[in-house]
2 protein chains.
Amino acid sequence: MSRVDVFSNIKARDASNIIEQSFVRGEVIIILANCIIHYEGRALSDIGPGDRVLIIKPDGTLIIHKKIKREPVNWQPPGSTIRAYERNGRLVIKSIRYNPYEIIIVECLEIYLIAIYDAIDPYALEISGTERDLAELIYRNPEVIEKGFKVLKLEYQTPFGIIDVLGEDKEGRLVVIELKRSSAGLQSVSQLRRYVEAMKNLTRRDIRGILIAPRITESALALVRKYGLEYKKLEPPKVPRTHDGRGVRSKKLLDYMDDYENKTE
Amino acid sequence: MSRVDVFSNIKARDASNIIEQSFVRGEVIIILANCIIHYEGRALSDIGPGDRVLIIKPDGTLIIHKKIKREPVNWQPPGSTIRAYERNGRLVIKSIRYNPYEIIIVECLEIYLIAIYDAIDPYALEISGTERDLAELIYRNPEVIEKGFKVLKLEYQTPFGIIDVLGEDKEGRLVVIELKRSSAGLQSVSQLRRYVEAMKNLTRRDIRGILIAPRITESALALVRKYGLEYKKLEPPKVPRTHDGRGVRSKKLLDYMDDYENKTE
DNA sequence: GCCTGTATCTCGCTT
DNA sequence: AAGCGAGGTACAGGC
């Protein structure tokens with residue numbers, strides 16, 4: 001049996017049956033159709049007729065793509081319900097989410113193609129270069145902050161937010177650290193300031209606040225100084241990891257990179 | 001000529017030709033395949049073999065979906081380049097983005113289906129219930145804030161951020177307003193405080209700061225009080241708008257809602 | 001280009 | 001269930 005079944009030139013009623021049965025079987029459903037879309041929930045939207053790509057996933061996700069942009073024009077998150085039926089000779093797909101209550105109605109004026117995809121996908125994404133990697137770097141090598149720095153807590157909860165890294169400098173002052181995986185802006189400075197103020201309510205010790213990021217905007221740096229905070233440049237490490245934890249992968253990527261150079265030059 | 005061409009049982013070399021030619025023609029390409037994916041750029045990621053859905057859009061967008069979740073497992077934003085070729089008998093799709101430099105390599109172990117979609121989609125999404133709608137409500141009806149309130153500026157730029165609404169109360173005090181379309185949290189309070197502090201550098205007038213949102217978290221409200229700010233409950237209006245500006249649409253949505261009740265009860 | 005802030009953000013995590 | 005913060009966030013608007 002093939003992994004994919006394809007239907008074209010299909011009547012609305014048949015399409016609705018195929019979709020509902022396939023959804024129950026836990027398959028991915030791809031629909032190419034001309035449709036109009038109504039959405040109401042946290043906001044309200046409508047869009048007139050156009051050729052779009054619909055993806056219905058077995059977890060209840062609904063994604064509707066236009067022919068441009070990375071973001072779907074309409075969607076429903078995992079856990080939503082899916083119903084398909086025929087109405088006035090047209091395929092209608094209705095998805096409802098509860099809490100918050102949100103509804104999407106897709107009315108298909110023309111169905112070009114329906115693909116039923118019995119997908120098997122056991123692997124999870126392995127990623128590095130995140131803020132978490134930056135935190136682990138500091139945890140394992142506290143001296144990257146400064147000589148004599150000690151980590152006291154990661155993800156330390158205060159009444160007014162969660163501090164990425166709480167530490168202590170060699171003079172015994174409390175150090176509040178806010179991490180950013182990429183450029184730090186005004187918001188990051190406000191965040192750090194909030195945590196420092198929160199800690200001032202909890203202790204009478206001297207407190208320093210340090211913003212850690214590979215880059216900072218000019219106005220953010222000005223704000224850091226205005227608030228008596230500090231900035232230190234530091235990048236999150238990108239460490240290739242394979243499923244079994246060995247760093248074999250980068251060689252393979254480099255292999256492809258070479259391949260790219262050969263193809264395009 | 002049909003809007004969709006479908007290919008299955010296709011060789012890697014043929015697939016690559018179809019993809020490259022179709023991309024040049026400005027069509028949407030949907031590929032169902034078992035693949036591994038390498039990504040390197042702002043971060044670094046890998047994922048082992050699995051059945052996924054790939055969408056290549058004519059604007060250079062690449063989206064790769066697993067069988068669950070709303071978010072793609074890997075992607076490339078609009079403006080990226082797309083290349084497809086055969087390597088060791090396998091289809092390889094490579095996408096590069098510059099600034100920042102990011103590369104995705106998809107190696108297909110098996111191609112289940114390729115659909116070439118000549119999509120036509122002229123309409124844009126019409127949406128309401130956004131922060132912008134809340135701002136317009138206040139601009140047209142300043143009294144929703146309080147009696148005697150006057151709007152001075154929308155999107156007023158300070159050295160430390162952009163104030164949603166700058167206004168004046170009936171006592172002649174400057175009022176800084178921060179809007180949220182949904183629940184306000186700690187971050188919103190920090191933001192408002194930053195703007196109020198920024199204005200204090202620019203004027204000697206008395207300044208009030210008001211956070212406007214349909215809801216606020218408990219700790220955010222505590223922080224509002226701690227900083228001497230104010231909170232006012234207000235919701236962004238959801239106004240159905242049709243393409244020509246008339247509010248005809250909600251009747252149609254209600255029509256479908258009734259339909260839903262009939263179908264499910 | 002960079003910077004700033006919103007989003008029907010989504011997602012994971014913790015209380 | 002609600003709150004909090006990260007994200008390869010994407011996206012729009014300004015400068």
Side-chain angles (χ1 to χ4, degrees), chain A residues 39-45 61 63 68-80 97-104 125 127-132 134-135 155 157-164 178-188 190-191 194-195 215-220 236 238, chain B residues 39-45 61 63 68-79 97 99-104 125 127-132 134-135 155 157-164 178-188 190-191 194-195 215-220 236 238:
Chain A
Y39 155 74
E40 184 158 1
R42 288 168 290 179
L44 182 155
S45 79
T61 301
I63 303 169
I68 58 167
K69 299 287 170 185
R70 203 214 76 145
E71 287 303 296
V73 63
N74 284 109
W75 70 90
Q76 205 71 290
S80 307
R97 169 198 196 179
Y98 302 92
N99 199 340
Y101 184 87
E102 300 195 287
I103 181 167
I104 286 185
L125 186 73
I127 190 166
S128 78
T130 64
E131 191 193 276
R132 185 70 222 169
L134 188 49
E155 306 284 311
Q157 306 231 1
T158 77
F160 298 120
I162 303 149
I163 296 171
D164 283 334
E178 172 59 26
L179 304 176
K180 287 297 155 201
R181 68 166 303 283
S182 56
S183 186
L186 294 171
Q187 191 177 272
S188 310
S190 291
Q191 204 177 339
R194 170 156 48 92
Y195 301 150
R215 208 155 43 86
I216 189 168
T217 66
E218 211 176 322
S219 50
K238 283 186 255 184
Chain B
Y39 155 75
E40 184 159 1
R42 288 168 291 179
L44 183 155
S45 80
T61 301
I63 304 170
I68 57 169
K69 300 286 169 187
R70 203 215 76 144
E71 287 304 298
V73 63
N74 282 111
W75 70 91
Q76 207 70 290
R97 168 198 197 180
N99 199 333
Y101 183 86
E102 299 196 287
I103 180 167
I104 285 186
L125 186 73
I127 190 165
S128 76
T130 65
E131 192 193 277
R132 184 71 222 170
L134 187 49
E155 307 285 312
Q157 306 231 3
T158 77
F160 298 120
I162 304 148
I163 296 171
D164 282 335
E178 171 60 27
L179 305 176
K180 287 296 155 201
R181 67 167 303 284
S182 57
S183 186
L186 294 172
Q187 199 171 278
S188 310
S190 291
Q191 202 177 344
R194 168 156 49 92
Y195 301 150
R215 209 156 40 87
I216 188 167
T217 67
E218 214 177 318
S219 50
K238 284 187 256 187

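Here the structure is a predicted model, which means the values were calculated and not measured. In the text below, chain A, chain B and the rest are named by the order of the sequence lines, each starting its count at 1.
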Distance, rounded to the nearest Å, where [X] contributes [atom1] and [N] contributes [atom2]:
X: B:Leu44; N: D:dG8; atom1: CG; atom2: P; answer: 12 Å
X: A:Asn74; N: C:dT10; atom1: CG; atom2: C1'; answer: 16 Å
X: A:Gln76; N: C:dT8; atom1: CD; atom2: P; answer: 13 Å
X: A:Leu125; N: D:dG8; atom1: CG; atom2: P; answer: 8 Å
X: B:Glu71; N: C:dT10; atom1: CD; atom2: P; answer: 8 Å

Handout entry: Within-4.5 Å side-chain heavy-atom neighbours: B:Glu155 and B:Ile163
Key = no

Practice task
Give one of base, sugar-phosphate or nothing for A:Glu102, where a contact means two heavy atoms less than 4.0 Å apart.
Solution key: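 Base, at least one base heavy atom under 4.0 Å.
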
Problem - Touch class at under 4.0 angstrom, heavy-atom based, for A:Pro78 against every strand present - result: sugar-phosphate

Salt bridge (Lys or Arg N to Asp or Glu O under 4.0 Å) partners for [X], two or more places apart:
X: A:Arg132; answer: A:Glu136
X: B:Arg97; answer: B:Glu102
X: A:Arg70; answer: B:Glu71

Report, one pair per line, the protein and nucleotides 12-15 of chain C atoms (nitrogen or oxygen only) whose separation is under 3.5 Å.
{"unit_1": "C:dG12", "atom_1": "OP2", "unit_2": "B:Lys69", "atom_2": "NZ", "d": "3.1"}

Among residues at least two apart in sequence or on other chains, which ones pass side chain to side chain contact (heavy atoms under 4.5 Å, CB included) with [X]?
X: A:Ser182; value: none
X: A:Ala43; value: A:Tyr39, B:Ile127, B:Arg181
X: A:Ile68; value: B:Asp59
X: A:Ser219; value: A:Leu186, A:Thr217

Exercise for the section: Check whether any side-chain N or O of A:Arg70 sits under 4.0 Å from OP1 or OP2 of D:dG7, and answer yes or no. Expected result: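 Looking at the OP1 and OP2 atoms of D:dG7, neither is under 4.0 Å from any side-chain N or O of A:Arg70.
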
Problem - Below 4.0 Å: OP1/OP2 of D:dT9 and any side-chain N or O of B:Arg42 - result: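 Answer is yes, contact under 4.0 Å.
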
Practice task
Could you measure between the two P atoms, the one in C:dT8 and the one in C:dT4, and give it in whole Å?
Solution key: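 Comparing P positions in C:dT8 and C:dT4 gives a spacing of 23 Å.
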
Problem - Inter-residue atom distance B:Lys180.NZ - B:Asp164.CG, 0.5 Å rounding - result: 7.0 Å

Handout entry: Protein-to-nucleotide contact annotation, 5' to 3' order, nucleotides 1-7 of chain C [B base; S sugar-phosphate only; - none; under 4.0 Å, heavy atom]
Key = SSSSSSS

